[in-house]
Amino acid sequence: MTLKVKFSSMPADEQFKKGNVQKSLYVNDDENVCPECGSKLEMDSERAEVSCVRCGLVIDENIVDLGPEWRAFDHEQRDKRTRVGAPMTNTIHDRGLSTVIDWRNKDGQGRDIPVKNRAQLYRLRKWQRKIRVSGSGERNLAFALSEIDRYSSNLGLPRSVREDASLIYRRAVDRKLIRGRSIEGVVSASIYSACRRCNVPRTLDEIAGVSKVSKKDVGRTYRFLSRELNIKLAPTSPSEYVPRFASKIGLSSEAQSKAIKIIKKASELGLTSGKGPTGVAAAALYIASVLLGERKTQKDVAEVAGVTEVTIRNRYRELSEKLNDFDF
């Protein structure tokens, strides 16, 4: 990396105190650090410079702003001033690059199209829909991506998970892993993989509940995709399920924090090894509710977590015996 070195007239610490530099993280990996003192680099958007937080050494300057040259203060104003279309996305079979003829009979200026031209516009709209999806491969992909969007909506998944699930499905199609398997099964497995990669945990039961395949088939397809696409994922931590379960059952934030502390101490002692994360999370929430006087029945917690009351009792007994000496 070629360094354009320039020292600012004021130390960086004083600049931050006076508010002259806008703090926004530029890089934080080990390679891109200050060559003088080894501190992190931050970008000053007003001066278009990258400088060291500690010593003020300027690493780069005259950075080009790739954003728009206009400003907008509300959604309507942004729509009027923008001159580009929607960004590319993996959730559409053509990545959103094709043209769409709107169903409304309006022109680009918002005026009504004359009646004599509407028949021609109808034919254009019909042929545009036909040529947009050409071939069995594109039809398969278009249907699968629409299923990913539908399943994700039912599960309440964010946009990032939908994009990642669509990318995993596209990789499976490129590797010809779909042949001999149902589209719904591969879609469900892709969503499960994306959820684990994006740390938005959903159980196999939840995904099987919104799809047309069984939990066993989803798990089998997920293991097949993980092996063929070399997807390596760490086991899901029980603490990732705590906020969602606690919100559904109506426990306070204090109970969530206490349940996470219980899970953390249990993990340090090796009590969660080999145990289902949902069962451990449910037992920790049950213990936290008892300790804080927000008592919930084991049946209530079991219904929210998707486990049996027997599982909660077994995890509760194991955790209470080993963690009895710790003050939470």
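Reckoned from all heavy atoms, side chains included, excluding hydrogens, waters and symmetry mates. All figures in this text were calculated on a predicted structure; none of them were measured in a lab.
Two different hydrophobic clusters hold Leu204 and Val280 under the rule that ILVMFWY side chains link at heavy-atom gaps under 4.5 Å. Both Leu141 and Ile183 sit in one connected hydrophobic cluster of ILVMFWY residues. Membership requires side-chain heavy atoms under 4.5 Å apart, directly or through other members. The hydrophobic clustering, which links ILVMFWY residues whose side-chain heavy atoms are closer than 4.5 Å, places Ile287 and Leu292 apart. In this structure, Val173 is not a member of the same hydrophobic cluster as Leu167, with clusters built from ILVMFWY side-chain heavy atoms closer than 4.5 Å. Side-chain heavy atoms closer than 4.5 Å link hydrophobic residues (I, L, V, M, F, W, Y) into clusters, and following such links, even through other members, never connects Val304 to Ile207.
Checked by atom type and distance alone, the side chain of Arg162 never pairs as donor or acceptor with a backbone atom of Leu145 at under 3.5 Å. A donor-acceptor contact shorter than 3.5 Å is absent between the side chain of Arg202 and the backbone of Cys195. Thr308 places a side-chain N or O within donor-acceptor distance of the main-chain N or O of Thr311, the cut-off being under 3.5 Å. Not one N or O on the side chain of Glu49 forms a donor-acceptor pair closer than 3.5 Å with the backbone of Asp44. Panel note: side chain Asp164, backbone Ser160; no donor-acceptor pair is recorded below 3.5 Å. Between the side chain of Gln256 and the main chain of Ala246, no donor-acceptor pair closer than 3.5 Å is present.
Minimum interatomic distance between Gly56 and Ser51 (heavy atoms only, all atoms of both residues): O-CB, 4.3 Å. Across all non-hydrogen atoms, the minimal contact from Ile262 to Ala288 is CD1-N, 4.3 Å. Listed here is the closest heavy atom pair of Cys198 and Val161: CB-CG2, 3.9 Å. Here the shortest heavy-atom pairing between Ala266 and Leu319 reads CB-CD2, 3.6 Å. Nearest heavy atom pair, residue Arg196 against residue Pro235, reads NH2-CA, 3.6 Å. Across every non-hydrogen atom of Val307 and Gly279, the tightest pair is CG1-N, 4.1 Å.
Contact check for Leu285 versus Val242: side-chain heavy atoms found under the 4.5 Å cut-off. With contacts defined as side-chain heavy-atom distances shorter than 4.5 Å, the pair Phe245/Leu251 does not qualify. Two residues are said to be in side-chain contact when any heavy atoms from C-beta on lie closer than 4.5 Å; Tyr169 and Val187 meet this criterion. Counting heavy atoms from C-beta outward, Ser152 and Ile191 have side chains that approach closer than 4.5 Å. In this structure, the side chains of Tyr316 and Val301 stay at 4.5 Å or more apart for every pair of heavy atoms. In this structure, Cys37 and Leu57 have side chains that are not in contact, with every pair of non-hydrogen atoms separated by 4.5 Å or more. In this structure, Arg175 and Leu229 have side chains that are in contact, with non-hydrogen atoms separated by less than 4.5 Å. Contact annotation: the side chain of Leu323 approaches that of Leu271 to within less than 4.5 Å [non-hydrogen atoms, C-beta and beyond].
Taking the centre and axis of the six-membered ring of Phe224, the NZ or CZ atom of Arg181 falls inside the cone set by 45° and 6.0 Å.
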Open item on the list: Does Leu177 form a side-chain contact (heavy atoms from CB on, under 4.5 Å) with Val186? I'd like the steps, not just the answer.
Closed with: CA-CA 9 Å; Leu177 304 178; Val186 180; over 6 Å; no
Open item on the list: With side chain to side chain donor-acceptor pair (under 3.5 Å) as the criterion, how do Arg159 and Thr91 come out once you've worked through the C-alpha distance, each side chain's angles and the decisive distance to 0.1 Å?
Closed with: CA-CA 9 Å; Arg159 187 73 183 179; Thr91 59; 3.1 Å; yes
Task: Full working for side-chain contact (heavy atoms from CB on, under 4.5 Å) between Arg54 and Cys34 - done: CA-CA 9 Å; Arg54 186 174 182 180; Cys34 178; over 6 Å; no
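With sequence neighbours excluded, no residue satisfies side chain to side chain donor-acceptor pair (under 3.5 Å) with Glu240. Every residue was checked against the side chain to side chain donor-acceptor pair (under 3.5 Å) condition with Arg118, not counting sequence neighbours, and none meets it. Checked against side chain to side chain contact (heavy atoms under 4.5 Å, CB included), Arg71 has the following partners two or more places apart in sequence or in another chain: Phe73. The side chain to side chain contact (heavy atoms under 4.5 Å, CB included) search around Val213 returns Ser182, Glu184, Ser188, Ser211, Asp217, Val218, not counting sequence neighbours.
With rounding to the nearest 0.5 angstrom, the OG1 atom of Thr203 is 5.0 Å from the CG atom of Asp205. With values rounded to the nearest 0.5 angstrom, Glu147 atom CD is found 4.0 Å from Phe143 atom CZ. Here the straight-line distance linking atom CD1 of Ile231 with atom CD1 of Ile168 works out to 4.5 Å at 0.5 Å rounding. For the atom pair Tyr192 OH and Leu233 CG, the distance stands at 9.0 Å (nearest 0.5 Å). To the nearest 0.5 Å, atom SG of residue Cys52 and atom NZ of residue Lys40 are 11.5 Å apart. Summarising the geometry, atom CD belonging to Glu318 is positioned 4.5 Å from atom NZ belonging to Lys275; distances are rounded to the nearest 0.5 Å.
Salt bridge annotation for Arg244-Glu206: present, with a cationic side-chain nitrogen under 4.0 angstrom from a carboxylate oxygen.
Within the structure, side chain to side chain donor-acceptor pair (under 3.5 Å) pairs that include any residue of residues 297-307 comprise Thr297-Asp300, Gln298-Arg313 (at least two apart or interchain). Residue pairs meeting the side chain to side chain donor-acceptor pair (under 3.5 Å) criterion with at least one partner in residues 276-292, sequence neighbours excluded, are Tyr286-Arg295.
For CD of Glu254, the number of neighbouring non-hydrogen atoms (other residues, nucleotides, ligands) closer than 6.0 Å is 12 at most. Within a 6.0 Å sphere centred on CD of Glu76, heavy atoms belonging to other residues, nucleotides or ligands number 12 at most. Other residues, nucleotides and ligands contribute only 12 or fewer heavy atoms inside 6.0 Å of the NZ atom of Lys215.
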